Amino acid sequence: MSITSTLARSQHKLSDDTFRQLRDYIYTLTGIYFQNNKKYLLEGRLGKRIQILNISSFENYLQYIRNGKGQFDELQFLYDAVTINETYFFRNEPQFEAFEKHLIPEIVQSRKYNGRSKIKIWSAASSSGEEAYTLAMIFLDKLKPRFPDLDVEIVGTDISQSVIEIAKRGVYKDYSIRNMPEYYLKKYFSVQDGKYHVHDSVKQFVRFEKQNLFDQSRMRFMRNFDVIYCCNVLIYFDLKSKVQVVSNLYNSLNPGGYLFIGYAESLHGISTAYKLINFPKTVVYKKE
Ligand SMILES: C[S@@+](CC[C@H](N)C(=O)[O-])C[C@H]1O[C@@H](n2cnc3c(N)ncnc32)[C@H](O)[C@@H]1O
C-alpha cells in the first residue's frame with residue numbers, strides 16, 4: 001500500500017511536538033534520525049500501526065511504547081516501521097571482487113604466520129540475508145577450491161527481527177536475484193513455486209541473529225572479525241551515531257581487518273582511524 005493511501009485511511013494527525021518526541025525516542029534506541037522533512041514517513045508508517053492497535057492518537061502511542069506496554073513486541077513493530085530493508089544478491093560487485101581477489105588472499109597469507117585458518121565475516125545490517133549468502137557463495141565457489149584449509153564463519157545481523165526470520169529461511173523472490181549471475185543461481189538455488197531457495201551447502205556457513213548496532217553493551221560481544229560489511233545503513237544515522245557505530249566496528253575488527261560501507265557512504269569526517277584503500281571501482285577501510 002502506498003504511503004498516500006495509508007495516510008488517507010489514517011484519521012490520526014502527527015503534531016510537530018509529538019513528531020519530535022517520537023523521533024528522539026527512536027533515535028535513542030536505534031541511532032536512526034528522522035529529519036523534519038521525513039515527518040510524513042513516520043506519520044504514514046506508524047499511523048497504520050496505531051489503527052491496528054486501536055490506539056486513539058500518536059500521543060497515546062508514544063505513551064504506550066514509553067510505558068513499556070507489550071514493550072518487546074511493540075519495539076519490533078517500531079523497528080520494522082522505521083527501517084528500510086532494501087537489499088539484493090551481489091549488490092555491489094566491485095566490493096565482492098576486492099574481497100575475493102585481494103582481501104582474503106592477503107588475510108590467508110598473514111594467517112600462515114599466526115596459525116589461524118578460520119576467517120570471520122560480519123554482514124552488519126544484513127537485512128534479509130542476501131549479502132551474507134553472497135559472501136558464502138563466493139567462499140564456497142572461489143575461495144575454498146583455492147585455499148582448501150580455509151574455514152569461514154559468516155554472521156548476519158539486523159535490528160529487525162522480521163528480516164532476520166526471512167534471512168534464516170533463505171527463500172527469495174525475483175527482486176532479490178535480479179543482479180545475481182546466472183551461474184550462481186543455477187548452482188546454489190533450487191526453484192519451488194517461483195521462489196528461490198538457498199542450498200544448505202551455502203546456508204551452513206551463515207548464521208543470523210538480531211543485533212542493534214547502536215546497543216553498546218551488545219556490540220562488545222562482536223569481536224575478532226576479519227571483514228565487516230556495514231553497507232547502506234550509516235545513511236540513516238546522524239553524525240554522532242555514525243561516529244559511535246564506526247568506532248565500535250573498529251573495535252570489532254582484527255588488526256589488518258577490513259570494513260566495507262555502502263557505495264554512496266564515506267567515513268570522511270567520521271573516523272580517521274582506518275586507512276582508506278582503493279580497488280577498482282570501490283574502496284575499503286583497513287584497521288592497521
Ligand atoms: C538498506 S538495508 C541494507 C542491507 C544490506 N547491508 C545492503 O547493503 O544491501 C539497511 C538495514 O539496516 C538495518 N538497520 C537500521 N538501523 C539499524 C541498527 N541500529 N542496528 C542494526 N541494523 C539496523 C535495517 O533494519 C535494514 O535492514
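Ligands are counted one by one from 1 in listed order, and the atoms in each one are counted from 1 as well. Model, not experiment: these values are computed from the prediction.
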Check: Got a sec: does the NZ of Lys144 have more than 12 other heavy atoms crowding it under 6.0 Å?
Finding: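 Yes, enclosed.
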Check: How far apart are the C-alpha atoms of Phe89 and Tyr184, what are their side-chain angles, what is the distance that settles it, and do they pass the ring pair (Phe, Tyr, Trp, His ring centres under 6.0 Å) test?
Finding: CA-CA 10 Å; Phe89 289 98; Tyr184 284 97; 9.8 Å; no
Margin query: When you measure from the centre of the six-membered ring of Tyr175, is the NZ or CZ of Arg178 closer than 6.0 Å and no more than 45° off the axis?
Written below: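 Yes, Arg178 and Tyr175 form such a contact.
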Margin query: Less than 4.0 angstrom from a charged side-chain N to a carboxylate O is my criterion; do Lys142 and Glu100 meet it?
Written below: no
Notebook entry, point to check: Going by distance alone, is a donor N or O of one side chain under 3.5 Å from an acceptor N or O of the other, for Ser126 and Asp158?
Noted result: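 No, Asp158 and Ser126 have no side-chain donor paired with an acceptor closer than 3.5 Å.
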Checklist line | Under 4.0 Å from ligand 1, counting heavy atoms only: the protein residues, by chain and number | finding: Thr30, Ile32, Thr83, Ile84, Asn85, Glu86, Thr87, Arg91, Ala125, Ser127, Glu131, Asp158, Ile159, Gln211, Asn212, Leu213, Cys231, Asn232, Val233, Phe237
Next item on the list: Return the set of residues passing side-chain contact (heavy atoms from CB on, under 4.5 Å) with Phe221 (not counting sequence neighbours), or none when no residue passes.
Entry: none
